[in-house]
Amino acid sequence: QVQLVESGGGLVQPGGSLRLSCAASGETLEHYAIGWFRQAPGKEREGVSSISSISSGDGDTYYADSVKGRFTISRDNAKNTVYLQMNSLEPDDTAVYSCAASLGIGKLDFSWYDYWGQGTQVTVSS
């Protein structure tokens with residue numbers, strides 16, 4: 001069973017950047033699709049970005065329309081970690097960000113995901 005731990009959240013001004021990390025233990029992430037999801041107070045959980053497993057898609061990436069061109073997801077297999085680079089952050093990006101692992105296709109549908117981290121808070125405010 002894979003365990004996931006997110007880090008890298010914090011307070012940033014509008015227009016700033018953060019890089020979130022999703023570090024895995026227990027199993028290699030290469031076999032999993034990894035997704036990043038966020039949830040703001042009073043709002044539904046939203047799929048932000050995902051990257052396919054090495055075996056199924058050789059790292060195909062997916063992004064919500066709201067973050068395309070600003071966020072980039074990537075893998076470091078040697079570190080068993082997936083990153084979410086977030087640039088040009090906006091106040092609407094404020095949320096708890098969680099990563100999740102799926103042995104299925106994953107993409108941005110949270111129902112595909114079996115393992116979840118505890119989340120990290122991202123606050124975009126001046």
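In what follows, every heavy atom counts, from backbone to side chain, and hydrogens, waters and symmetry copies are set aside. Model, not experiment: these values are computed from the prediction.
Linking ILVMFWY residues whenever their side-chain heavy atoms come closer than 4.5 Å, directly or via other members, leaves Tyr113 and Leu20 in distinct clusters. Under the 4.5 Å side-chain heavy-atom criterion for Ile, Leu, Val, Met, Phe, Trp and Tyr, Val122 and Leu108 are members of distinct hydrophobic clusters. Cluster annotation: Tyr83 and Phe37 are assigned to distinct hydrophobic clusters (Ile/Leu/Val/Met/Phe/Trp/Tyr, side-chain heavy-atom contacts under 4.5 Å, transitive). Note on Val67: it clusters hydrophobically with Val12, by side-chain heavy-atom contacts below 4.5 Å among ILVMFWY residues. Grouping the Ile, Leu, Val, Met, Phe, Trp and Tyr side chains by contacts below 4.5 angstrom, directly or via other members, places Ile51 with Tyr115.
Side chain of Glu6 to backbone of Cys99: a donor-acceptor contact under 3.5 angstrom is found. With hydrogens and angles ignored, the 3.5 Å screen pairs no side-chain donor or acceptor of Asn77 with any backbone N or O of Asn80. Checking side-chain atoms of Gln3 against main-chain N and O of Gln1 turns up a donor-acceptor pair under 3.5 Å. In this structure, the side chain of Ser49 engages the main chain of Tyr62 through a donor-acceptor pair within 3.5 Å. Of the possible polar contacts, one joining the Tyr63 side chain to the Ile73 backbone as a donor-acceptor pair under 3.5 Å is found. Panel note: side chain Ser52, backbone Asp60; a donor-acceptor pair is recorded below 3.5 Å.
You'll find the side chain of Val2 stays beyond 4.5 Å of the side chain of Ser25, heavy atoms only. In this structure, Leu84 and Arg19 have side chains that are not in contact, with every pair of non-hydrogen atoms separated by 4.5 Å or more. Inter-residue side-chain proximity for Pro91 and Ser125 is flagged as unmet; no heavy-atom pair is nearer than 4.5 Å. Looking only at side-chain heavy atoms (C-beta outward), Val82 and Asp76 stay at 4.5 Å or farther from each other.
Taking CG from Leu18 and OH from Tyr97, the interatomic distance works out to 9.0 Å, rounded to the nearest 0.5 Å. Ser102 contributes atom OG, which lies 14.0 Å from atom NE2 of His31 (distance to the nearest 0.5 angstrom). With values rounded to the nearest 0.5 angstrom, Ser98 atom OG is found 7.5 Å from Gln118 atom CD. Of the inter-residue distances, the one linking Gln39 atom CD with Phe110 atom CZ reads 9.0 Å to the nearest 0.5 angstrom. Taken from CD1 in Ile34 to OG1 in Thr81, the straight-line distance is 10.0 Å, to the nearest 0.5 Å. The distance from the OG1 atom of Thr94 to the CD atom of Gln121 is 7.5 Å, given to the nearest 0.5 Å.
With sequence neighbours excluded, the residues that form a salt bridge (charged side-chain N to carboxylate O under 4.0 Å, His left out) with Lys68 are Asp65.
Identified under the salt bridge (Lys or Arg N to Asp or Glu O under 4.0 Å) test for residues 87-106, with sequence neighbours left out: Arg38-Asp93, Arg70-Glu90, Arg70-Asp93.
Note: Phe71 and Trp36 fail the aromatic proximity criterion, with ring centroids not under 6.0 Å apart.
With no hydrogens or angles considered, a side-chain donor-acceptor pair links Tyr32 and Glu27 at under 3.5 Å.
Between Ile105 and Ala33 the shortest heavy-atom distance is O-CB, 3.9 Å. Of all non-hydrogen atoms in Gly47 and Ala64, the two that sit nearest each other are O-CB, 3.3 Å. Heavy-atom minimum distance, Ala40 versus Ala95: N-CB, 3.8 Å.
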